Structure formats: structure tokens, C-alpha cells
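Report on the structure given below.
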Amino acid sequence: MTLRVYDTRSREKREFSPLNEGRVSMYVCGITPYSPSHLGHARCYLAFDVVHRWLEASGYEVDYVQNFTDVDDKILNISESEGVDYSVVSNRNIEDYFEVMDAMNVRRADHYPRVTETIPEIIDMISNLQEKGHAYVGGDGVYFEIDTAPEKYGQLTGQTLEMVRAGAGGRVADTGSGKRDHRDFALWKLAKPGEPFWESPWGDGRPGWHIECSAMSLNHFGEQFDIHGGGHDLRFPHHEAEIFQSECCTGCEPVVGYWMHNGFVNVDGEKMSKSLGNFWTVREAFENHDPLALRYALLSVPYRNPIDLTPEFLQDAVIHYGRLVEAYSASLSSDTDSGIDLSNYSQRFTDAMNDDFNTRAAIIEIQAVVSQNPGRDVASWFEKYAGDVLGLLPSSAEVLAGRAEAESARADIADRVEGLLKERETARQTKNWDRADEIRDELNSIGVIVEDGPDGPTWQLA
RNA sequence: GCACGGGUGGCAGAGUAGCUAUGCAACGGACUGCAGAUCCGUGGACCCGGGUGCAAAUCCCGGCCUGUGCUCCA
């Protein structure tokens with residue numbers, strides 16, 4: 001079975017075939033770093049991290065570019081209210097982004113271009129569009145004129161020019177901008193007093209939001225590239241704007257082979273967002289959950305489906321993640337092979353991932369192996385599939401260290417526990433259940449869980 | 001309103017025509033003084049109404065509900 005990828009533009013899963021054999025160019029819209037990352041961001045970059053990993057596991061060489069919109073209105077608002085330079089705000093949140101993504105085993109992209117480092121390329125692209133008659137200078141900046149390429153409208157959303165005209169209703173008049181048509185979008189925004197700016201042929205200002213991604217992808221990949229990813233909400237207008245800009249600039253279409261959009265993280269059935277105030281930052285989530293357990297949760301739903309975040313949903317993932325690590329740990333310490341025929345699991349895992357990166361179905365195969373007897377061969381299987389592909393495993397060193405630590409903690413109190421257990425067994429033999437339970441409670445209070453089995457009691461640390 | 005998705009057991013979530021999804025939870029049994037863990041087992045679903053088919057959760061039509069987009073947004 002070959003890899004099939006759902007493409008938003010053609011609205012179907014298509015067999016994956018990159019422009020250059022064996023190589024994949026992938027661009028994913030990155031964050032606007034005006035606040036710490038929340039779980040919605042995590043879902044997106046986790047999803048494309050898995051795409052990245054699976055393409056590589058399938059033998060492709062992947063060139064992965066992800067941008068930072070490090071100057072924009074929201075960043076400027078915050079920098080103004082804090083009385084600091086905008087770069088303080090963006091750098092702080094970019095740092096936060098890398099820290100939390102690293103903690104969740106998100107592998108780094110190959111390039112992280114920033115708007116502020118791409119200004120010359122952006123200006124070139126706008127100039128080019130202007131020369132070709134697709135852009136005009138308005139009162140407060142440069143705009144892309146939609147009517148110069150009406151046939152490109154609606155490729156990702158199915159909307160027509162007329163629909164959007166109707167949908168915008170009365171909002172057009174009060175934008176107060178120098179646009180000719182409200183559907184036109186800004187390529188260059190002239191700076192207002194006090195705002196940071198860059199020089200340009202049209203005056204001091206900064207780029208519009210959409211043009212940066214086009215300029216960056218053109219800069220890194222040229223006229224066409226294979227995969228463009230981002231959140232579902234970016235389809236319109238952001239990604240449609242990119243189609244206009246790139247294809248009108250180069251005359252080459254389609255600019256993107258496969259448009260991939262991840263579903264949202266919802267809370268109580270609604271999109272997690274700043275404006276609704278129902279978001280958790282990734283850091284807040286880390287306070288209650290292991291970063292990799294969160295990763296497990298966010299990958300346990302296929303990337304295009306929405307995730308409704310509930311305590312039960314997270315708890316489920318915590319349980320399964322714990323079992324996975326436990327099974328991996330046990331298999332690392334094993335000195336025999338399990339003798340399990342793992343090829344069936346591998347095959348189903350591969351089929352799942354090849355079906356538009358179905359991590360849910362893939363994880364089920366992981367769970368099936370977790371419930372088998374651990375052995376050395378299982379350890380390497382886990383490392384390959386749960387580790388390399390899904391990124392769900394801590395390093396073997398970490399796992400072994402955790403095991404060693406647990407054993408040493410156990411050894412530290414072993415004498416005391418054994419003594420109490422001996423006393424408890426005496427009590428049990430004389431059917432003194434009150435005393436036996438009292439001892440068990442005492443052990444519980446120091447974090448020891450006692451379990452009576454057919455061969456007598458065993459104990460472990462909670 | 002228009003566009004694009006989605007509606008599967010208590011919950012999450014696979015499954016694009018015939019064959020037990022799976023996990024968690026629940027229930028029953030084994031084992032237990034009790035508890036826990038473990039093992040074995042059980043039940044339970046395809047939004048509604050039409051249509052096509054030998055056969056539909058799966059295809060077609062209509063309806064209802066719901067999410068997102070149409071403004072910055074992963």
C-alpha cells in the first residue's frame with residue numbers, strides 16, 4: 001500500500017507523488033508569537049511532526065520549512081502595552097514555543113524563517129505582482145487586486161467571489177482602508193507613527209500577513225512545492241491568498257501539490273481560542289500531564305478530526321502512555337526475545353500511516369503490542385514505531401534511569417516494608433483483619449501499595 | 001444566509017457494501033478475609049425518512065443536529 005494524502009484542494013485522498021522523486025518539500029504556517037503557545041498550536045505542530053517523521057521513515061528526504069510571523073498588529077499591541085520593543089515579545093514567545101515543542105518530542109524543522117529576515121524577498125515579490133498588474137497602491141498600503149485573477153477564487157473553500165461579497169456585509173465600509181474592493185488583501189502596510197518599519201518603494205512599512213508565506217516558500221522551494229500545512233482556519237483567506245500571490249507572481253500552477261489542514265482542539269464542543277478564553281497554554285497543560293502523555297492524547301485522534309478535550313480523554317491517554325512506557329521499560333530489561341511475530345503489527349501500522357497518516361489506527365497496533373510479553377525484540381519494535389515514527393517514547397537512557405531510580409527508592413525502604421509485611425502476615429494468619437488492614441493503611445501512607453497474591457503479598461511504590 | 005466538514009455502543013474512536021474494530025468504563029466469573037492487581041468472559045451502536053443493491057454504518061436523494069470558515073486565528 002502506498003501513501004495516500006488528503007488534499008483540501010481536490011477534497012480527496014490522493015496517492016502521494018512528490019515533484020522530485022525521493023524528496024519532499026513541506027511548508028507549514030508557523031505561529032504569530034504574541035502569546036505562549038496553547039494546545040491548539042501543539043496539535044498542529046504535532047500533526048505535521050508526524051507527517052515529517054513518517055515521510056522520512058518512508059525513505060523520503062524532507063525539507064521542512066516553518067515560519068514565524070514575528071511582527072504583526074497583535075505583537076505591536078502587546079509591545080506597546082508593556083513598553084518594550086516588539087522583538088522582546090516575539091522572541092520571548094518563540095523561545096516558549098521551542099521549549100514546549102521540544103518537551104513533546106516535536107522534531108525541529110529545517111528552517112524557521114522570520115518575516116523580519118525576509119523583507120527583501122517580500123518586497124521583490126510585491127514589486128513583481130505590481131509589474132504584472134496584480135497589485136495597486138492604496139491609501140494606506142499596497143493591495144492585491146482579486147479581480148485580476150478571479151478564476152483562482154475558492155479553490156480551498158468552494159466559495160465564490162459573490163458569496164464573500166455578500167458575506168462581508170457592512171464590514172467593508174468601516175475598514176476605512178484604501179482598498180478598491182473589500183476582498184482585496186494587504187501586501188504592504190504603511191507604518192503608523194511609532195510603529196516599526198522597513199523601507200520600501202511604496203514608503204516605510206511592513207508586510208501584510210499573507211505575502212510572507214508566499215515569499216518564504218518561493219525563496220526556499222521555488223515555484224512549486226509538495227506539501228503546505230496549517231490549521232483548518234487558515235484555508236481562507238490566508239491560504240487562498242497564497243495561491244493568488246504565488247501563482248500570479250510566477251505564472252506557474254499549482255503552487256502546492258497537497259494542501260493539508262489539521263482539525264481543531266475543542267473545549268465543550270467549541271474551538272479553543274483566545275477570544276473565547278477557553279484555551280490552555282501548553283505549559284499549563286504540562287503542570288498536570290507528562291508532555292509525552294499529552295502527545296499521546298493529541299495523536300490518538302486522526303489529524304483532520306476535531307478533538308474535544310475532556311478530562312476523560314486525557315486520562316485515557318495518560319493510562320495508555322503509562323502502559324507503553326512500562327512495557328518498553330520491561331522489554332529493555334529483558335534478555336530474551338518474545339518470540340512474537342511482529343510483522344503483522346508492523347504491516348497494519350504501516351497501512352494505517354499510509355492512509356493519510358492515521359495515527360489513531362497506528363496507535364492501536366502499538367497498544368496491541370504493549371499487551372504482549374516484553375522481550376528484546378519488542379524493545380526495538382517500540383523504538384522504531386512508537387519512538388521514531390510517533391515520537392511517543394522517552395529515550396532508553398531516561399527509561400532505564402527511571403527504572404534504576406525506582407529500584408533504588410524501593411531498596412531504601414525495603415527493610416521497613418518487609419518488616420511490616422511480616423507482621424501483617426502474622427496478623428492475617430491469626431485472622432486479625434483489623435491489624436492487617438491497619439498495617440496496609442500505614443504502608444499506603446508512605447506510598448507503598450500492597451497486593452496479596454496466591455504466593456503471598458507483593459508491594460510496589462505508587 | 002452561503003461554503004466546507006462531521007453525526008457509530010456510557011465515553012473516545014476505526015471502519016466507503018457482506019466478515020468480532022480497538023481502548024476506557026460497565027457487568028459476570030476465577031482469585032481474594034477485604035481491597036487491589038491479574039486472567040477469562042458478557043452485553044451494548046451505526047441521527048431521521050426515502051431510494052439503489054441479493055446485501056448499506058458504508059452508495060444516492062431529502063431532512064434534522066452540530067463544528068469551522070466567510071474578520072486576526074494552528
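Naming convention: chains lettered A, B, ... in sequence-line order (proteins, then strands); numbering from 1 in each chain. Just so it is clear, the model here is predicted, and its values are computed rather than measured.
- Mapping P302(A) and P237(A) onto RNA chain B via the closest heavy atom, the residue that lands nearer the 5' end is P302(A).
- For the P atoms, the distance from C40(B) to U52(B) is 47 Å, rounded to whole Å.
- Of the C1' atoms belonging to G7(B) and A14(B), the separation is 15 Å, rounded to the nearest Å.
- N358(A) comes within contact range of the sugar-phosphate backbone alone, with a heavy-atom separation under 4.0 Å but no base atom that close.
- Distance noted for atom C1' between G49(B) and G44(B): 25 Å (whole Å).
- Between F264(A) atom CZ and G67(B) atom P there is a gap of 13 Å when expressed in whole angstrom units.
- The base of G6(B) does not come close enough to the side chain of N305(A) for any donor and acceptor atom to sit less than 3.5 Å apart.
- Rounded to whole angstrom, the span from the CD1 atom of I319(A) across to the P atom of U38(B) amounts to 11 Å.
- A donor-acceptor contact under 3.5 Å is formed by the side chain of D452(A) with the base of C34(B).
- Checked against G15(B), C70(B), G33(B), the side chain of D437(A) finds its nearest nucleotide in G33(B).
- When each of H238(A) and Y6(A) is assigned the nucleotide of RNA chain B bearing its nearest heavy atom, the one mapping closer to the 5' terminus is Y6(A).
- We find that OH of Y321(A) is positioned 18 Å from C1' of G23(B), with the value rounded to whole Å.
- Put simply, CZ on F185(A) is 11 Å from P on C72(B), counting in whole angstrom units.
- Residue G263(A) is classed as a base contact, given a heavy-atom separation below 4.0 Å to a base.
- Atom CD1 of I366(A) is separated from atom P of A21(B) by 23 Å (rounded to the nearest Å).
- Stacking is not found between F236(A) and the pyrimidine-like six-membered ring of the G69(B) base under the 5.5 Å centre-distance and 30° plane-angle cut-offs.
- Among C70(B), U68(B), G15(B), the nucleotide with an atom closest to any side-chain atom of D355(A) is G15(B).
- Relative ring orientation between Y385(A) and W381(A) is described as tilted, the plane-to-plane angle lying within the 30° to 60° band.
- Across every non-hydrogen atom of I75(A) and Y86(A), the tightest pair is CG2-O, 3.7 Å.
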Subject >> Chi angles and distances behind the side chain to side chain donor-acceptor pair (under 3.5 Å) call for T118(A), E212(A) >> reply: CA-CA 8 Å; T118(A) 316; E212(A) 59 170 288; over 6 Å; no

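- Note: F244(A) and Y153(A) meet the aromatic proximity criterion, with ring centroids under 6.0 Å apart.
- Using P as the reference atom, C19(B) and G6(B) are 23 Å apart when rounded to the nearest Å.
- Checking C72(B), G23(B), G33(B) against the side-chain heavy atoms of W433(A) singles out G33(B) as nearest.
- In this model, no side-chain donor or acceptor of R183(A) finds a partner on the base of C70(B) within 3.5 Å.
- Comparing A74(B), G23(B), U22(B) by their nearest atom to the side chain of R323(A) picks out G23(B).
- Across all strands shown, I364(A) has heavy atoms under 4.0 Å from base atoms, whether or not it also approaches the sugar-phosphate.
- Base engagement by R424(A) is indicated by at least one non-hydrogen atom pair under 4.0 Å involving a base atom.
- Residue-level contact check: H320(A) touches the backbone only, with heavy atoms under 4.0 Å from sugar-phosphate atoms and none from bases.
- Enclosure of atom CD in E82(A) by more than 12 non-hydrogen atoms of other residues, nucleotides or ligands within 6.0 angstrom is indicated.
- Residue contacts for K271(A): at a heavy-atom cut-off of 4.0 Å it reaches a base atom on one of the strands shown.
- Under the Watson-Crick or G-U wobble criterion, with both distances below 3.5 Å, G62(B) is paired with C48(B).
- No contact: V28(A) has no heavy atom under 4.0 Å from any strand.
- In this structure, E425(A) does not pair ionically with K422(A), as no charged nitrogen and carboxylate oxygen lie closer than 4.0 Å.
- Across all strands shown, G67(B) forms a Watson-Crick or G-U wobble pair with C4(B), both key distances being under 3.5 Å.
- Separation of the C1' atoms belonging to G41(B) and C31(B) is 15 Å when rounded to the nearest angstrom.
- When the P atom is used for both G1(B) and C60(B), the distance is 24 Å, rounded to whole Å.
- Among the atoms of the strands shown, only primed sugar atoms or phosphate atoms (P, OP1, OP2) are found under 4.0 Å from some heavy atom of G230(A).
- In this structure, G53(B) is classed as syn because its glycosidic torsion stays within 90° of zero.
- With rounding to whole Å, D308(A) atom CG is found 10 Å from A12(B) atom C1'.
- In this structure G23(B) sits in a base pair with C11(B), meeting the Watson-Crick or G-U test at under 3.5 Å.
- Looking at heavy-atom distances under 4.0 Å, R9(A) makes no contact with the nucleic acid at all.
- Across all strands, R440(A) comes closer than 4.0 Å to base atoms (heavy-atom distances).
- G36(B) makes up no base pair with any nucleotide shown, lacking Watson-Crick or G-U wobble contacts both under 3.5 Å.
- Phosphate contact (OP1/OP2 of G15(B), side-chain N/O of R348(A), threshold under 4.0 Å): absent.
- Taking a cutoff of 4.0 Å between a charged side-chain nitrogen and a carboxylate oxygen, D147(A) and R183(A) qualify as a salt bridge.
- Between the CD atom of E451(A) and the P atom of G33(B) there is a distance of 16 Å, rounded to whole Å.
- With C1' as the reference atom, G18(B) and G50(B) are 23 Å apart, rounded to whole Å.
- Residue-level contact check: Q367(A) touches the backbone only, with heavy atoms under 4.0 Å from sugar-phosphate atoms and none from bases.
- Within the model, atoms NE2 of H239(A) and CH2 of W259(A) stand 5.0 Å from one another, a figure rounded to the nearest 0.5 Å.
- The six-membered or imidazole ring of F98(A) lies near that of F68(A), with a centre-to-centre distance under 6.0 Å.
- Between the C1' atoms of G29(B) and G43(B), the separation comes to 15 Å (whole Å).
- The separation between Q315(A) atom CD and G23(B) atom P is 18 Å, rounded to whole Å.
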